[in-house]
Amino acid sequence: MFKRLLQGAVLMSALTATSLMAAPRELIIDTDPGADDVVALLLAMASPDELKIRAITTVAGNVRLDKTSRNARLAREWGGREDIPVYAGAGRPLVRAPIYAANVHGEEGLTGVPVHEPKAPLAQGNAVQYLVDTLGAAEPHSITLAMLGPQTNLALALIQKPEIAQGLKEVVVMGGAHFNGGNITPAAEFNLYADPHAAEVVLASGAKLTYLPLDVTHKLLTSEARLKQLAAVNNQASKRVVDILNAYIQYDMQLYGMPGGPVHDASVIAYLLKPELFKGRDVHLAIDSREGPTFGQTIADWYGVLKQPSNVHWIEEGDAQGFFDLLSARLARLQ
């Protein structure tokens with residue numbers, strides 16, 4: 001009798017552990033679509049077993065807020081996930097003058113595909129207040145925030161109510177550059193350059209932070225074979241992604257002389273789905289918000305020469321083919 005009870009307890013414990021492992025990650029995606037943001041959103045929406053998307057929050061960045069908010073709703077429509085609320089947030093950085101990246105993403109924030117006004121509207125309310133309310137009411141360390149653009153929304157929420165950082169399980173940032181150099185200035189990556197003061201607020205919050213910088217995204221490059229692989233999925237989602245990428249990657253290929261182009265923001269979602277595709281280390285990170293040629297630079301102490309405590313997990317390597325295999329497999333789940 002005792003043996004059967006013990007076996008039953010062990011079985012229940014194993015089932016409980018399996019259930020906990022299988023529980024999807026509670027996720028908010030903060031984004032400024034942007035071509036690669038749309039690919040990231042589609043990848044996330046195609047992965048409901050691993051990612052429970054509570055909301056999409058938008059910020060000005062690649063283009064103005066009205067366009068990033070429209071593009072986020074377009075991605076939601078294309079992904080068949082109108083159940084996910086989209087909240088519009090900050091229309092300008094904390095301190096600096098707004099800048100945009102229309103030269104990369106086009107005047108509408110998307111090139112290669114036609115855009116239209118989506119049927120489903122924005123959610124009522126503001127993204128910053130949504131973050132304050134949601135993180136403030138959350139269990140400690142329960143919600144992941146994927147940050148695909150400038151960090152303005154979260155910074156404003158933390159300034160308003162610093163204790164909401166306790167609700168964050170992890171903040172995964174596409175941003176920064178160390179070994180690679182910048183993509184908006186020789187020193188700075190666009191998302192950090194667009195609002196370094198916001199990034200400083202988030203860095204000081206004590207939240208667990210993972211950065212996927214240009215160091216890794218410039219290694220996850222398209223190729224003719226990889227674009228054919230995506231096209232072979234042969235549904236509307238894959239066709240849109242291929243059309244978007246074929247137009248979007250031209251800028252970086254021409255600027256850097258690379259054989260393919262990066263899909264920056266989708267790397268964040270890939271990291272959340274398959275962290276084993278990536279490698280990095282814990283480092284001490286500082287952000288330069290001083291006016292001058294290094295404005296927006298991320299200084300990652302890769303070798304620990306400053307003897308300062310680590311505050312960021314900095315990703316430096318990624319499996320490029322593994323990334324595109326994952327993207328292909330997940331796009332196949334969509335229409």
Side-chain angles (χ1 to χ4, degrees), residues 27-48 51 53-91 100-127 130 146-150 152-153 174 190-191 227 230-231 233-251 261 263-270 327-328 330-335:
L27 179 67
I28 298 169
I29 303 176
D30 192 84
T31 181
D32 62 336
D36 53 328
D37 306 71
V38 167
V39 179
L41 289 169
L42 290 172
L43 178 57
M45 289 186 285
S47 307
L51 304 176
I53 306 172
R54 297 183 60 147
I56 298 167
T57 54
T58 62
V59 65
N62 287 320
V63 284
R64 296 193 321 262
L65 181 65
D66 59 328
K67 294 183 178 183
T68 65
S69 299
R70 179 204 57 204
N71 292 346
R73 291 183 294 128
L74 266 180
R76 176 181 66 175
E77 183 174 287
W78 291 336
R81 293 296 308 274
E82 284 90 346
D83 58 299
I84 300 170
V86 177
Y87 295 88
Y100 307 108
N103 61 319
V104 180
H105 296 266
E107 290 298 325
E108 298 301 321
L110 279 173
T111 56
V113 292
V115 299
H116 63 268
E117 182 63 24
K119 294 178 183 177
L122 286 166
Q124 293 294 313
N126 179 272
Y130 171 79
M147 304 211 73
L148 311 183
T152 318
N153 285 335
M174 191 281 119
F190 176 83
N191 287 340
L227 289 170
L230 293 174
V233 174
N234 199 31
N235 61 12
Q236 285 298 315
S238 69
K239 289 175 183 176
R240 284 195 182 100
V241 166
V242 170
D243 287 345
I244 288 168
L245 290 180
N246 272 326
Y248 168 65
I249 63 176
Q250 297 305 314
Y251 178 87
V263 196
H264 303 288
D265 292 334
S267 66
V268 167
I269 305 303
L327 180 58
S328 300
R330 296 306 166 93
L331 289 177
R333 299 177 175 183
L334 300 176
Q335 296 295 315

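What you are looking at is a predicted structure, and each value in this text was computed from that prediction instead of being measured.
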- Item | Distance in Å, L334 CG paired with L43 CG, rounded so as to fall on 0.5 Å steps | 9.0 Å

- Hey, are D37 and N62 close enough side-chain-wise for a donor-acceptor pair under 3.5 Å? yes

- Item | Closest heavy-atom pair and its distance - A35, I244 | CB-CG2, 3.5 Å

- Would you please classify the geometry between the Y130 ring and the Y87 ring as parallel, tilted or perpendicular, with 30° and 60° separating the classes? parallel

- Query: Taking it one step at a time, do W78 and V38 satisfy side chain to side chain contact (heavy atoms under 4.5 Å, CB included)?
  - Reply: CA-CA 10 Å; W78 291 336; V38 167; 4.1 Å; yes

- Note on the structure: Here the pair of heavy atoms bringing R73 nearest to P118 is CB-CG, 3.6 Å

- Message: Any donor-acceptor pair under 3.5 Å linking the side-chain atoms of S69 with those of D66?
- Response: no

- Task: Say whether, by atom type as modelled, one donor and one acceptor occur between the side chain of D36 and the main chain of D265 under 3.5 angstrom.
- Result: yes

- Minimal heavy-atom distance between V39 and A266, with the atoms involved, is CG1-CB, 4.1 Å

- Task: Output yes when R70 and E117 qualify as a salt bridge under the 4.0 Å nitrogen-oxygen rule, no when they do not.
- Result: no

- Task: Please report the shortest heavy-atom distance between A231 and S238, naming the atom on each side.
- Result: O-OG, 4.3 Å

- Query: Got a second to check how far R240's CZ is from L42's CG, nearest 0.5 Å?
  - Reply: 8.5 Å

- Exactly one of V63, N191, N153 clears side chain to side chain contact (heavy atoms under 4.5 Å, CB included) with D32, and that residue is N191

- Query: Are D30 and T57 linked by a side-chain donor-acceptor pair shorter than 3.5 Å?
  - Reply: yes

- Between CG of L148 and CD1 of I29, what distance do you get to the nearest 0.5 Å? 6.5 Å

- Note on the structure: Here the pair of heavy atoms bringing A72 nearest to T58 is CB-CG2, 3.6 Å

- Taking atom CZ of R333 as the centre, report whether more than 12 heavy atoms of other residues, nucleotides or ligands fall under 6.0 Å from it. yes

- When rounded to the nearest 0.5 angstrom, what is the spacing between CG in L41 and CD1 in I269? 7.0 Å

- Message: For S328 versus V233, what's the shortest heavy-atom pair and its separation?
- Response: O-CG2, 3.6 Å

- Rounded to the nearest 0.5 Å, what separation is found between the NZ atom of K67 and the OH atom of Y100? 10.0 Å

- Message: I'd like to know whether T68 forms a side-chain hydrogen bond (donor to acceptor under 3.5 Å, both in side chains) with N71, so could you lay out the CA-CA distance, the side-chain angles of the two residues, the decisive distance to 0.1 Å, and finally the verdict.
- Response: CA-CA 5 Å; T68 65; N71 292 346; over 6 Å; no

- Message: Could you measure the distance from the CG atom of L51 to the CE atom of M45? Nearest 0.5 Å is fine.
- Response: 11.5 Å

- Return yes if some donor-acceptor pair links the side-chain N/O of R76 with the main-chain N/O of I56 below 3.5 Å, else return no. no

